[in-house]
Amino acid sequence: MSEGIMSKAATMEIPIGSNGDAGSLPEDDGLEQDLQQVMVSGPNLNETSIVSGGYGGTAEGIIPTGTIKGSGLHQPHPSPPVGGEEVVRGIAVEKFDIVKKWGINTYKCTKQLISERFGRGSRTVDLELETQIELLRETKRKYECVLQLARALTNHFYSLVQTQHALGDAFADLSQKSPELQEEFGYNAETQKLLCKNGETLLGAVNFFVSSINTLVNKTMEDTLMTVKQYETARLEYDAYRTDLEELSMGPRDASTLCRLDAAQSQFQSHKDKYEKLRADVAIKLKFLEENKIKVMHKQLLLFHNAISAYFAGNQQQLEQTLKQFNIKLKTPGAEKPSWLEEQ
């Protein structure tokens, strides 16, 4: 049933009345994704009963789908008691109503979405909130780039530290087997081992930086964007039912229309309340996200600067002090790989 409605919605001309002025034809690259987003909220039809007689059929035509398994098709089942038939009928009617409501809602939202894309319908716009949402998406893309580069730096620097460790071992071995160059090989071995130790300390600081940015981008920002998606879906539903109410209000006022108008008014108010609640939720989350982002990045950028500066200045004491300042613990000695690399 819902497929037939969707096919009709995709091909018919959609009159919106006076809901908005026709504008220029926008890019339709995201139309398919928007339609998919409308469709994902469909009901769960697992365990749905099959009504063999169709809508309005007899009660004997209702067959629970849970009984259609394998060889069970060839085995007769005893007739359910009268009370059981009423329960099965009630479940089937309830699930049919769920599918019916979902189909109507999907049709209205798809109609509204297409009318907006073709400039025939109006949409509710909160300019300040949508500007903040777009800024958040742009910020997330830039932070993802920083995270990718920081991970690349970590991997390359880890390879450098491993190479310094191997080079120090080679120098130490040669200092014992080359008496005439023992001193030269010896102090080069000590230098590489010191660089290796400082490099592992710096890796601990950089790993802490990467972990914090990853949490900010892929958990905190992503959680806010999930609420934004719910808000955008609620906005589309709100506009769809608003348009439906406006069309009914401009029609004739007979008894049948008044009944439909009351139902449309009730549905519109319900979706309006949902839309306003989610809009408030998004505004609050955006505010707290901005405060949290500033706090986290202030700490992480200070850590990154101090650690990098101390390492390349050769200041081992300051480098270790930086890690203590931010409560960063290094990997246990003797481990083949730093624990941070396993998390990448």
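Remember, predicted model here, so these are calculated numbers, not experimental data.
Taking the six-membered ring where the residue is Trp, the centroids of His271 and Tyr241 are separated by under 6.0 Å. Ring centroid separation for the pair Tyr231 and Tyr275 comes in under the 6.0 Å cut-off.
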Side chain to side chain donor-acceptor pair (under 3.5 Å) between Glu320 and Gln316, worked out:
CA-CA 6 Å; Glu320 293 176 352; Gln316 180 182 0; 3.3 Å; yes
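A continuous path of Ile, Leu, Val, Met, Phe, Trp and Tyr side chains, each step under 4.5 Å between heavy atoms, connects Leu278 with Ile133, placing both in one hydrophobic cluster.
A donor-acceptor contact closer than 3.5 angstrom is absent between the side chains of Lys285 and Thr224. Checked by atom type, the side-chain pair Asp273/Gln269 shows a donor-acceptor distance below 3.5 Å. Donor-acceptor pairing under 3.5 Å is recorded for the side chains of Asp239 and Thr124. Checked by atom type, the side-chain pair Ser212/Gln300 shows a donor-acceptor distance below 3.5 Å.
A distance of 10.5 Å separates CD of Glu247 from CZ of Arg242, quoted to the nearest 0.5 Å. With rounding to the nearest 0.5 angstrom, the CG atom of Leu147 is 6.5 Å from the CG atom of Asn218. The distance from atom CD1 of Ile284 to atom CG of Leu289, rounded to the nearest 0.5 Å, is 13.5 Å.
One finds a salt bridge joining Glu130 and Arg123 here, because a Lys/Arg side-chain nitrogen approaches an Asp/Glu carboxylate oxygen to under 4.0 Å.
Note on ring orientation: taking the six-membered ring where Trp is involved, the planes of Tyr311 and Phe157 are perpendicular (angle over 60°, cut-offs 30° and 60°).
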